[in-house]
Undergrad: 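Below you will find the structure I want to go over with you.
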Amino acid sequence: MGLFDIFRKKKNNVEPESTTSSALTQPVMEQVGLVDEHEADEWSKALDKKSEATHDLPESESESESESESESESESESESESESESESESESESESESESESESESESESEVERNEQQVYDEGLKKSRTGFAERFNRFLANFRTVDEDFFEDLEETLVGADVGFDMAIKISDELREEVKLANAKRKEDVRDVIIKKMVDLYEADGVNEDTQMHFAPNGGTTVILFVGVNGVGKTTTIGKLASKYQQAGKSVLLAAADTFRAGATKQLQEWGERANVPVVAGQEKADPASVVFEAVAKARDEHYDILFVDTAGRLQNNVNLMQELEKMKRIIQREIPDAPHEVLLVLDATTGQNALQQAKLFKDSSDVTGIVLTKMDGTAKGGIVFAIRNEMHLPVKWIGFGEKASDLREFKPEEFVYGLFKELVS
């Protein structure tokens with residue numbers, strides 16, 4: 001089942017109607033349509049008369065004798081049956097207990113799924129509204145599928161932050177599909193466009209590694225966070241520290257952003273909130289020295305996870321990238337298979353600027369995944385499509401607010417549903 005099919009299933013999911021008690025009391029032939037309601041009443045009256053006549057007949061002596069014999073036999077049978085029933089009751093009780101346990105497990109899983117849908121639904125509310133407004137403006141001018149139609153479509157998609165390359169790709173592939181689908185109504189055209197977007201998004205994500213990777217054999221996992229100032233790196237680290245600490249992991253933080261005023265203090269506040277220690281140096285100190293101290297502490301004291309916060313001073317790209325490379329060399333010298341993840345944090349509200357940042361960091365560091373923050377703000381949503389299409393980097397985490405619980409694992413099906421559910425009929 002494709003991603004768009006999952007979306008449509010969520011959209012059109014309707015609970016089956018339960019059978020009413022009146023339907024159960026209807027004569028069988030009426031239920032299957034062999035007789036109408038009047039005929040069914042006649043059948044019912046005739047059956048009642050026959051039943052009354054049978055009850056009025058006198059009992060014969062032979063019948064009463066045979067009944068007494070059958071009663072004595074049934075008493076002995078009932079004794080043996082009661083014994084077997086008590087055994088079967090105990091078996092059925094244990095079976096019902098195991099069934100109830102499995103049912104409660106499935107109910108809790110479905111409850112988690114519903115909660116995840118609600119989080120995405122609420123978090124993407126502004127993005128969904130903006131997307132719908134753009135498409136509705138585009139469709140308001142729709143008259144026929146011609147060159148003007150495709151030019152307007154491309155402008156609409158670029159304005160929704162899906163990226164120029166993907167906008168052209170969608171437009172080119174839709175030229176035939178709109179004709180094949182014989183889409184003439186605005187609603188049909190809209191559904192074809194969104195299905196193509198979702199299908200291309202799914203195709204671009206084949207073999208995409210969305211899992212978080214951890215050190216083997218219980219070693220220390222080192223996760224490096226990169227990105228420009230103001231995108232939410234420090235806040236994201238604090239949220240993840242809280243999540244993993246609550247999951248029973250021992251977590252250590254490294255405040256390697258020593259140049260931004262207040263960065264270390266902000267990380268220390270998150271550490272106090274999550275009850276997680278922070279390794280920090282002096283202001284303007286060499287970030288690599290902080291990383292060295294933190295890695296040594298995490299390894300020697302057997303911490304499960306070390307999160308490393310870094311600077312994001314794009315005004316001097318060369319120095320920034322050299323600093324990141326130096327940090328990686330130090331980390332690998334102390335823990336050869338680290339860092340296990342290099343997560344690029346992007347502000348979703350910056351649109352195409354976020355895409356340019358992704359290209360810059362991908363070219364200069366081994367980025368393994370994206371953390372997309374501030375999706376509950378004025379983000380247009382299409383940036384997720386552009387990142388996958390142009391960067392081929394997986395979005396691993398998505399942020400919908402300020403609380404630690406607002407940072408969620410990225411789930412493509414929930415994202416697609418949350419973004420498009422009010423557009424597709």
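Positions are given from 1 along the sequence.
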Undergrad: Please list all pairs passing the side-chain hydrogen bond (donor to acceptor under 3.5 Å, both in side chains) test where one or both residues lie in residues 396-407, with sequence neighbours left out.
TA: Glu341-Lys396
Undergrad: Can any side-chain N or O of Ser250 pair as donor or acceptor with the backbone N or O of Asp304 at less than 3.5 Å?
TA: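 Judged by distance alone, yes, a pair lies under 3.5 Å.
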Undergrad: If you look at every heavy atom in Leu253 and Ala241, which pair is closest and at what distance?
TA: CD2-CB, 3.9 Å
Undergrad: Do Thr221 and Leu306 pass the side-chain contact (heavy atoms from CB on, under 4.5 Å) test, and can you show the C-alpha distance, the side-chain angles, and the key distance before you say yes or no?
TA: CA-CA 6 Å; Thr221 298; Leu306 169 63; over 6 Å; no
Undergrad: Tell me, do Lys374 and Val231 make a side-chain contact under 4.5 Å, heavy atoms counted?
TA: no
Undergrad: Determine yes or no for a side-chain-to-main-chain donor-acceptor pair under 3.5 angstrom, with Asn136 supplying the side chain and Ala132 the backbone.
TA: yes
Undergrad: Taking OH in Tyr244 as the centre, count heavy atoms belonging to other residues, nucleotides or ligands within less than 6.0 Å. Is the count above 12?
TA: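 Yes, the 6.0 Å shell around OH holds more than 12 heavy atoms from other groups.
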Undergrad: Are the side chains of Leu419 and Phe385 in contact, using a 4.5 Å heavy-atom criterion?
TA: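 Touching, per the 4.5 Å side-chain cut-off.
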Undergrad: Could you go through the ring pair (Phe, Tyr, Trp, His ring centres under 6.0 Å) check for Phe307 and Phe225 one step at a time?
TA: CA-CA 7 Å; Phe307 291 125; Phe225 288 81; 5.6 Å; yes
Undergrad: Surrounding NZ of Lys126 (heavy atoms of other residues, nucleotides or ligands, distance under 6.0 Å), is the total greater than 12?
TA: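 No, because the 6.0 Å sphere around NZ of Lys126 holds 12 heavy atoms or fewer from other groups.
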Undergrad: Could you tell me whether the side chain of Thr156 and the main chain of Asp152 form a donor-acceptor pair under 3.5 Å?
TA: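 Looks like yes, one N/O pair under 3.5 Å.
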Undergrad: Can you list the steps and then say if Lys359 with Glu390 is a salt bridge (charged side-chain N to carboxylate O under 4.0 Å, His left out)?
TA: CA-CA 9 Å; Lys359 290 177 180 178; Glu390 297 186 33; 3.3 Å; yes
Undergrad: Report the distance from atom CD of Glu334 to atom NZ of Lys297, rounding to the nearest 0.5 Å.
TA: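 The CD atom of Glu334 sits 15.0 Å away from the NZ atom of Lys297.
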Undergrad: Does the pair Leu124 and Phe400 meet the rule for a side-chain contact (heavy atoms from CB on, under 4.5 Å), with working shown?
TA: CA-CA 8 Å; Leu124 291 169; Phe400 295 118; 4.0 Å; yes
Undergrad: Quick one: does any side-chain atom of Thr210 pair with a main-chain N or O of Pro394 as donor and acceptor, under 3.5 Å?
TA: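 Looks like no, no N/O pair under 3.5 Å.
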Undergrad: As an exercise, state the distance from CD of Glu154 to CD1 of Ile168, rounded to the nearest 0.5 Å.
TA: 3.5 Å
Undergrad: How far apart are the C-alpha atoms of Phe131 and Phe135, what are their side-chain angles, what is the distance that settles it, and do they pass the ring pair (Phe, Tyr, Trp, His ring centres under 6.0 Å) test?
TA: CA-CA 6 Å; Phe131 230 109; Phe135 267 89; 5.7 Å; yes
Undergrad: Say whether, by atom type as modelled, one donor and one acceptor occur between the side chain of Thr220 and the main chain of Tyr303 under 3.5 angstrom.
TA: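 Yes, Thr220 side chain to Tyr303 backbone: donor-acceptor pair under 3.5 Å.
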Undergrad: Search all heavy atoms of Ile305 against all heavy atoms of Ile223 and return the closest pair with its distance.
TA: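 Reported closest heavy-atom pair: CG2-CD1, 4.3 Å.
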Undergrad: Can you give me the closest heavy-atom contact between Ile398 and Tyr120, atom names plus distance?
TA: CG2-OH, 3.6 Å
Undergrad: Hey, does the side chain of Arg128 reach the backbone of Leu423 with a donor-acceptor pair shorter than 3.5 angstrom?
TA: no
Undergrad: Evaluate Phe361 against Met321 for side-chain contact (heavy atoms from CB on, under 4.5 Å), listing each step before the verdict.
TA: CA-CA 8 Å; Phe361 280 94; Met321 299 311 164; 3.9 Å; yes
Undergrad: Considering the options Glu122, Lys411, Glu414, Lys421, which one meets the side-chain contact (heavy atoms from CB on, under 4.5 Å) requirement together with Gln117?
TA: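 Filter result, single survivor: Glu414.
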Undergrad: Does some side-chain heavy atom of Ile330 sit less than 4.5 Å from a side-chain heavy atom of Val295?
TA: no
Undergrad: With a 4.0 Å cut-off on N to O distance, would you call Lys233 and Asp257 a salt bridge?
TA: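 Salt bridge: no.
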Undergrad: Run the numbers on Leu343 and Met212 for side-chain contact (heavy atoms from CB on, under 4.5 Å), then give the verdict.
TA: CA-CA 10 Å; Leu343 298 180; Met212 290 288 289; 4.2 Å; yes
Undergrad: Counting N and O atoms only, with roles assigned by atom type, does the side chain of Thr368 sit under 3.5 Å from a partner on the main chain of Val342, one being a donor and the other an acceptor?
TA: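 Between the backbone of Val342 and the side chain of Thr368 there is a qualifying donor-acceptor contact (under 3.5 Å).
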Undergrad: Quick one: does Gln332's side chain get under 4.5 Å of Met327's, heavy atoms only?
TA: no
Undergrad: What are the two closest heavy atoms between Ala348 and Met375, and how far apart are they?
TA: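 Taking Ala348 first and Met375 second, the nearest heavy atoms are CB-SD, 3.3 Å.
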Undergrad: Asp146 side chain to Asp148 main-chain N or O, any donor-acceptor pair under 3.5 Å?
TA: yes
Undergrad: Hey, are the side chains of Thr235 and Lys239 touching, using non-hydrogen atoms and a 4.5 Å cut-off?
TA: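 With C-beta onward as the side chain, the pair touches.
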Undergrad: Backbone N or O of Ala274 within a donor-acceptor pair of the Ser242 side chain at under 3.5 Å?
TA: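 Checking the backbone N and O of Ala274 against the side chain of Ser242, no donor-acceptor pair under 3.5 Å is found.
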Undergrad: Could you state the interatomic distance from CZ (Phe150) to CG (Asp172), rounded to the nearest 0.5 Å?
TA: 9.0 Å
Undergrad: Looking at Asp204 and Arg388, is any side-chain nitrogen of the basic one under 4.0 Å from a carboxylate oxygen of the acidic one?
TA: no
Undergrad: Is the shortest side-chain heavy-atom distance between Pro339 and Val308 below 4.5 Å?
TA: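 In short, these two side chains do not touch, never coming nearer than 4.5 Å.
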Undergrad: For the side-chain contact (heavy atoms from CB on, under 4.5 Å) test, which of Val395, Leu344, Leu407 pairs with Val371?
TA: Leu407
Undergrad: Is there a side-chain contact between Ile370 and Phe410 in this structure, where contact means two heavy atoms from C-beta onward sitting under 4.5 Å apart?
TA: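 No, their side chains stay 4.5 Å or more apart.
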Undergrad: Please name the pair of heavy atoms, one in Ala354 and one in Leu346, separated by the smallest distance, quoted to 0.1 Å.
TA: O-CD2, 3.6 Å
Undergrad: Rounded to the nearest 0.5 Å, what separates atom OG1 in Thr349 from atom NZ in Lys380?
TA: 10.0 Å
Undergrad: I need the Leu157 CG to Lys169 NZ distance, nearest 0.5 Å.
TA: 13.5 Å
Undergrad: Near Lys243 NZ, under 6.0 Å, is it more than 12 heavy atoms from other residues, nucleotides or ligands?
TA: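 Yes, because the 6.0 Å sphere around NZ of Lys243 holds more than 12 heavy atoms from other groups.
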Undergrad: Looking at Thr310 and Val226, what are the two nearest heavy atoms and their distance?
TA: OG1-CA, 3.7 Å
Undergrad: With rounding to the nearest 0.5 angstrom, report the CD to NZ distance, Gln322 to Lys326.
TA: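 So the CD of Gln322 and the NZ of Lys326 are separated by 10.0 Å.
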Undergrad: Is the backbone N or O of Lys362 less than 3.5 Å from a side-chain atom of Ser365, with the two atoms forming a donor-acceptor pair by type?
TA: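 Not at all, since once roles are kept as given, no pair shorter than 3.5 Å links the two residues.
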Undergrad: Are side-chain N/O atoms of Asp347 and Thr373 paired as donor and acceptor at under 3.5 Å?
TA: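 Side-chain D/A pair, Asp347 to Thr373: absent.
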Undergrad: Does the distance from a Lys or Arg side-chain N to an Asp or Glu carboxylate O, for Lys195 and Glu202, drop under 4.0 Å?
TA: no
Undergrad: Got Leu174 and Leu153 here, is their nearest side-chain heavy-atom distance under 4.5 Å?
TA: yes
